[in-house]
Amino acid sequence: MGFESKTIQQSLSSSSKALPPPPSPPLRDDTDTDTDTNTETETETPLLGNSSPNPLSSQSKTFANFFIAIVGAGVLGLPYSFKRTGWFMGLLILFSVSFLSLYSMMLLVYTRRKLHLRSRKTIHSFGDVGFAVCGSFGRFLVDLLVVLSQAGFCVGYLIFIADTLSNIFNHSSSSSFSLFSPKTFYISGCFPFQLGLNSIPSLTQLAPLSIFADVVDLAAMVVVLFDDVSLIFKNRPQVRAFGSLSTFFYGMGVAVYAFEGIGMVLPIESEMKDKHKFGGTLASTMLFITFMYGGFGALGYLAFGEQTRDIITANLGPGLVTTLVQLALCANLFFTFPLMMNPVYEIVERRFWGGSYCVWLRWLSVLVVSLVGLLVPNFADFLSLVGSSVCCGLGFVLPAFFHILTFKEEMGWMLWSSDVGIVALGLVLAVSGTCNALLEIFSVKV
């Protein structure tokens with residue numbers, strides 16, 4: 001969930017050797033490249049730049065783009081999720097969600113290609129697919145989920161910043177709302193500065209921060225991993241391999257949040273030079289991220305056991321390096337906030353202000369996000385809520401549903417059953433995970 005800048009405005013407003021692509025009617029990859037090249041190469045990817053005459057991305061750049069799109073602050077909540085689910089169940093959940101996310105992403109790619117062949121119109125984004133399949137209602141549904149997911153990410157950022165600063169400077173973090181709590185102080189302190197940052201009409205100049213964000217995240221992960229390994233051999237805390245059924249749905253929500261990035265799949269695929277290699281590149285990226293997530297989550301839990309905090313950096317001992325890492329993460333998320341809100345502004349301004357810039361709509365959005373951040377007590381619980389309530393629909397239900405409607409006249413019963421199964425699973429995870437996350441958020445922590 002570190003996907004930012006101008007490409008997001010296009011994508012969210014609205015075959016593989018490592019892992020077989022979803023079974024769908026045969027579709028030649030060269031048909032997409034031959035017919036879209038003139039139009040789709042104009043799309044920009046500010047994360048990597050487009051100064052060359054040919055902006056199409058190589059496999060390595062596509063890997064980097066997608067890595068940046070997926071990896072974000074959600075990884076810091078994985079050790080706590082493993083504490084709730086147990087380390088072995090946590091690993092099973094991560095690999096399962098990774099496979100389902102990859103499968104759904106490829107469904108969306110195949111759907112876009114089929115719609116392009118059928119209509120000969122360029123389809124840039126998830127919202128465009130929704131419009132092509134279901135008309136205005138399809139675009140509205142995608143827009144709604146995008147707004148909720150992006151705003152949810154930003155709420156999580158504010159919670160992380162407030163809790164981390166409270167731990168550093170106040171040595172405490174209150175889970176209940178109070179007008180005079182450190183959390184209220186820090187979120188309120190961020191508010192006027194966020195109004196200024198979010199008033200900038202174009203955030204292209206902030207695009208390099210997306211790369212800085214992932215560098216900081218990776219640096220924090222390295223520091224935590226070194227600390228984890230030393231503590232595992234020193235303390236050997238007692239850990240569990242499996243949790244209860246309710247914790248399974250909790251862990252699914254956090255994992256879905258951590259792998260969210262389907263809105264960037266179509267623009268990244270459209271900018272890849274060798275589109276027939278996109279499935280393999282996507283699969284290898286997802287596999288790399290999955291092992292990285294699994295190692296980070298499991299080692300964090302094995303190091304601290306039942307003392308694992310909802311933000312793993314809060315478990316780190318005192319020291320200059322630890323403090324600098326935590327402050328860098330806060331700065332990273334503070335400046336990433338307006339980038340992540342940019343798709344929200346594009347959608348809101350398009351629907352309520354004729355597509356023109358409107359500063360008061362932006363300020364109102366920042367106010368709502370800040371108020372929600374004040375009311376949510378726990379970082380990891382909120383990750384589970386957003387992952388279950390919004391990301392399941394955006395990442396699983398809609399891609400499979402759009403695929404069914406697009407290929408309905410030529411699907412076999414096996415493919416139809418597969419798509420229907422993903423839709424049903426996404427709905428079950430959304431309902432059960434949302435209920436469980438809400439119970440956790442409103443329960444009294446002891």
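- Here the side chains of Glu269 and Arg113 are in contact, with some heavy-atom distance below 4.5 Å.
- When side chains are defined from C-beta on, Leu94 counts as touching Leu78, because their heavy atoms get closer than 4.5 Å.
- Counting only heavy atoms from C-beta outward, the side chains of Ile70 and Thr285 never approach each other to under 4.5 Å.
- Only one option out of Phe259, Phe67, Tyr257, Phe95 pairs with Tyr293 in a ring-ring contact (aromatic ring centres under 6.0 Å, His included); it is Phe259.
- Residues Phe402 and Phe126 meet the side-chain proximity criterion, which asks for heavy atoms closer than 4.5 Å.
- More than 12 heavy atoms of other residues, nucleotides or ligands sit less than 6.0 Å from atom CZ of Phe334.
- How far CD1 of Ile168 is from OH of Tyr186: 8.5 Å, rounded to the nearest 0.5 Å.
- Using a distance-only test at 3.5 Å, with no hydrogens or angles considered, no donor-acceptor pair links the side chain of Gln150 to the main chain of Val344.
- Atom OH of Tyr357 is surrounded by more than 12 heavy atoms from other residues, nucleotides or ligands within 6.0 Å.
- Rounding to the nearest 0.5 Å places SG of Cys392 at 12.0 Å from CD1 of Ile422.
- Counting heavy atoms from C-beta outward, Glu349 and Ser356 have side chains that stay 4.5 Å or more apart.
- Counting only heavy atoms from C-beta outward, the side chains of Leu102 and Phe99 never approach each other to under 4.5 Å.
- Proximity of the aromatic rings of Phe335 and Phe193 is defined here by a centroid distance below 6.0 angstrom, and this criterion is not met.
- A salt bridge links Asp128 with Arg139: the closest approach of a Lys/Arg side-chain nitrogen to an acidic carboxylate oxygen falls below 4.0 angstrom.
- Between Phe337 and Phe153, the distance from one ring center to the other does not fall under 6.0 angstrom.
- Ser388 places none of its side-chain heavy atoms less than 4.5 Å from the side chain of Asn436.
- Looking at Arg112, its side chain does come within 3.5 Å of a backbone N or O of Ile123 through a donor-acceptor pair.
- A donor and an acceptor atom, one from each side chain of Thr164 and Gln326, are nowhere located under 3.5 Å apart.
- Tyr80 and Tyr301 have their aromatic ring centers separated by at least 6.0 angstrom.
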Query - Residue pair Glu346, Arg351: steps toward the salt bridge (Lys or Arg N to Asp or Glu O under 4.0 Å) verdict - result: CA-CA 9 Å; Glu346 192 279 330; Arg351 290 192 170 274; over 6 Å; no

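- A donor atom on one side chain and an acceptor atom on the other are not found under 3.5 Å apart for Thr434 and Ser389.
- The pair Lys183-Asp163 does not count as a salt bridge, with every side-chain nitrogen at least 4.0 angstrom from each carboxylate oxygen.
- Once rounded to the nearest 0.5 Å, the distance linking CD1 of Ile312 with CG of Asp228 reads 6.0 Å.
- Using a distance-only test at 3.5 Å, with no hydrogens or angles considered, a donor-acceptor pair links the side chain of Ser149 to the main chain of Val146.
- Within 6.0 Å of CZ in Phe401 there are 12 or fewer heavy atoms belonging to other residues, nucleotides or ligands.
- Residue Phe88 places its CZ atom among 12 or fewer non-hydrogen atoms of other residues, nucleotides or ligands, all under 6.0 Å distant.
- Using a 4.5 Å heavy-atom threshold, the side chains of Phe82 and Thr308 count as separate.
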